Amino acid sequence: MGPVFIALDFGTLSEVEHFLDLFAETEQLAVKVGMELYYAQGPQIIERLHQRGVKIFLDLKLYDIPNTVQRAAFQLAQQKIDYLTIHAAGGSQMIQSAKEGLIAGSQAIQAATPKLLAITKLTSFSQAQMQAEQQISVSLPAAVTHLAQLAAANGADGVICSAQENQIIHQATNADFLCINPGIRLANHSDDDQQRIATPQAAKAWGSNGLVIGRPITRANNPVTTYQQILTQWRTN
């Protein structure tokens, strides 16, 4: 099974340390570092997570001209992260440049190349919103599938997408192409600002290669118990 990434949606190192201390007995922990935490703490948060031995998904959603993205990916790869995100909407050249930057950065320090994941459409977006605000006339699944194919054809290792789109993406790409799913909620949890959600069991049934879960865990009364409950649902056949 793929990893269950806990989204560390905190702004300070002390909050992160206090939260991760709760998981001191948890093996093979995987976490997501998003924009809030990385912009507040910078590379030191990555260094601290390395010290804790966790798998690191750096979710910065790079989106710029190809040269800028390539140079950024080169620098980030040298922080020995495991995953990095870009926006598929940046286009074929930008996706290729991001991959080239990750490879070159990893080679510079003789480390494994991070996996490149492309954002398709945010799980906070609905089809109606996409069509009205982005003036995209096709259906949301069609738009997501197109972006996934674009990412796969230009060197990305997978996409970030709703679990509801896993099956069509796997059919349109290949068996090794990853579908990592945010918008995961337990049956009794609030949807928050997510539009396209799924339970861990549904995501797995639809072919998920990994989950990204923040508030249902970080805001739980007992984060460890909730995390273990999600893992059980994720791993149960």
Side-chain angles (χ1 to χ4, degrees), residues 1-62 72-73 75-86 102 105-106 111-119 122-123 157-161 163 178-186 189 192 194 198 200 203-204 208-235:
M1 293 301 298
V4 173
F5 296 99
I6 301 176
L8 300 178
D9 296 327
F10 305 108
T12 68
L13 184 57
S14 62
E15 288 177 293
V16 172
E17 298 280 18
H18 175 72
F19 179 79
L20 291 180
D21 283 345
L22 301 174
F23 293 83
E25 303 301 319
T26 302
E27 296 182 359
Q28 298 181 326
L29 196 66
V31 300
K32 188 198 83 166
V33 175
M35 288 182 280
E36 177 188 7
L37 182 56
Y38 193 81
Y39 292 163
Q41 301 300 321
Q44 72 164 330
I45 188 61
I46 304 300
E47 295 174 5
R48 185 68 190 98
L49 292 172
H50 280 308
Q51 293 169 10
R52 286 183 174 266
V54 303
K55 188 178 292 291
I56 303 169
F57 169 16
L58 186 57
D59 186 23
L60 297 185
K61 300 180 175 70
L62 303 183
Q75 296 295 334
L76 294 169
Q78 294 183 65
Q79 295 179 29
K80 296 184 180 180
I81 57 176
D82 298 291
Y83 299 80
L84 178 69
T85 54
I86 60 172
L102 287 179
S106 300
T113 302
K115 293 189 181 299
L116 182 63
L117 302 175
I119 307 295
L122 300 176
T123 50
D157 298 289
V159 289
I160 304 296
C161 64
L178 303 175
C179 288
I180 306 296
N181 305 137
I184 302 299
R185 295 292 185 270
L186 295 173
H189 281 189
D192 297 309
Q194 300 284 7
K204 180 180 178 181
S208 177
N209 302 111
L211 309 179
V212 181
I213 307 177
R215 286 168 289 188
I217 296 174
T218 60
R219 296 184 184 179
N221 292 330
N222 190 322
V224 176
T225 298
T226 301
Y227 173 72
Q228 294 297 341
Q229 181 182 0
I230 289 168
L231 277 185
T232 298
Q233 294 183 15
W234 175 236
R235 293 171 176 171

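Values in this document were obtained by computation on a predicted structure and should not be read as measured data.
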So, using side-chain hydrogen bond (donor to acceptor under 3.5 Å, both in side chains) as the criterion, who are the partners of Glu27 when residues are at least two apart?
none
Which heavy-atom pair separates Ile45 from Tyr38 by the least distance, and what is that distance?
CG2-CD1, 4.2 Å
Test applied, side-chain contact (heavy atoms from CB on, under 4.5 Å); reference residue, Val212; option that passes from Ile180, Asn181, Ile184:
Ile180
Hey, are the side chains of Lys55 and Leu29 touching, using non-hydrogen atoms and a 4.5 Å cut-off?
no
Check this for me: Lys61, atom NZ, are more than 12 non-hydrogen atoms of other residues, nucleotides or ligands nearer than 6.0 Å?
yes
Rounded to the nearest 0.5 Å, what separates atom CG in Leu60 from atom OG1 in Thr85?
6.0 Å
Side-chain donor-acceptor distances from residues 3-20 under 3.5 Å, at least two apart:
from  : atom 1 : to    : atom 2 : distance (Å)
Thr12 : OG1    : Ser14 : OG     : 3.2
Thr12 : OG1    : Glu15 : N      : 3.2
Thr12 : OG1    : Glu15 : OE1    : 3.0
Glu15 : OE1    : Gly11 : N      : 3.3
Glu15 : OE1    : Thr12 : N      : 3.2
Glu17 : OE1    : Arg48 : NE     : 3.4
Glu17 : OE1    : Arg52 : NE     : 3.2
Glu17 : OE1    : Arg52 : NH2    : 2.6
Glu17 : OE2    : Arg48 : NE     : 2.5

For Gln78, enumerate each residue passing the side-chain hydrogen bond (donor to acceptor under 3.5 Å, both in side chains) test, keeping only those at least two apart in sequence or located in another chain.
none
Partner set under side-chain contact (heavy atoms from CB on, under 4.5 Å) for Thr225, not counting sequence neighbours
Asn222
Counting C-beta onward and ignoring hydrogens, is there a side-chain heavy-atom pair between Asp82 and Phe57 closer than 4.5 Å?
no
Verify side chain to side chain contact (heavy atoms under 4.5 Å, CB included) between Glu25 and Val224, making sure each step is shown before the conclusion.
CA-CA 10 Å; Glu25 303 301 319; Val224 176; over 6 Å; no
Taking only residues two or more places apart in sequence or in another chain, which ones pass side-chain contact (heavy atoms from CB on, under 4.5 Å) with Ala111?
Lys80, Ile109
Going by the salt bridge (charged side-chain N to carboxylate O under 4.0 Å, His left out) test, which pairs reach into residues 31-43, not counting sequence neighbours?
Lys32-Asp59
Flag if over 12 foreign heavy atoms under 6.0 Å of CD, Gln28:
no
Pro223 and Ile217 have their tightest heavy-atom pair at CB-O, 3.4 Å
First locate atom CD1 of Ile86, then atom CG of Leu116, and finally report the distance between them rounded to the nearest 0.5 Å.
4.0 Å
N/O donor-acceptor pair under 3.5 Å between His50 side chain and Ile56 backbone:
no
Calculate, to the nearest 0.5 Å, the distance between atoms CD and CG belonging to Gln44 and Leu49 respectively.
10.5 Å
Can you tell me how far the OG1 atom of Thr26 sits from the OH atom of Tyr227, to the nearest 0.5 Å?
6.5 Å
As an exercise, state the distance from CG of Leu84 to CG of Asp157, rounded to the nearest 0.5 Å.
10.5 Å
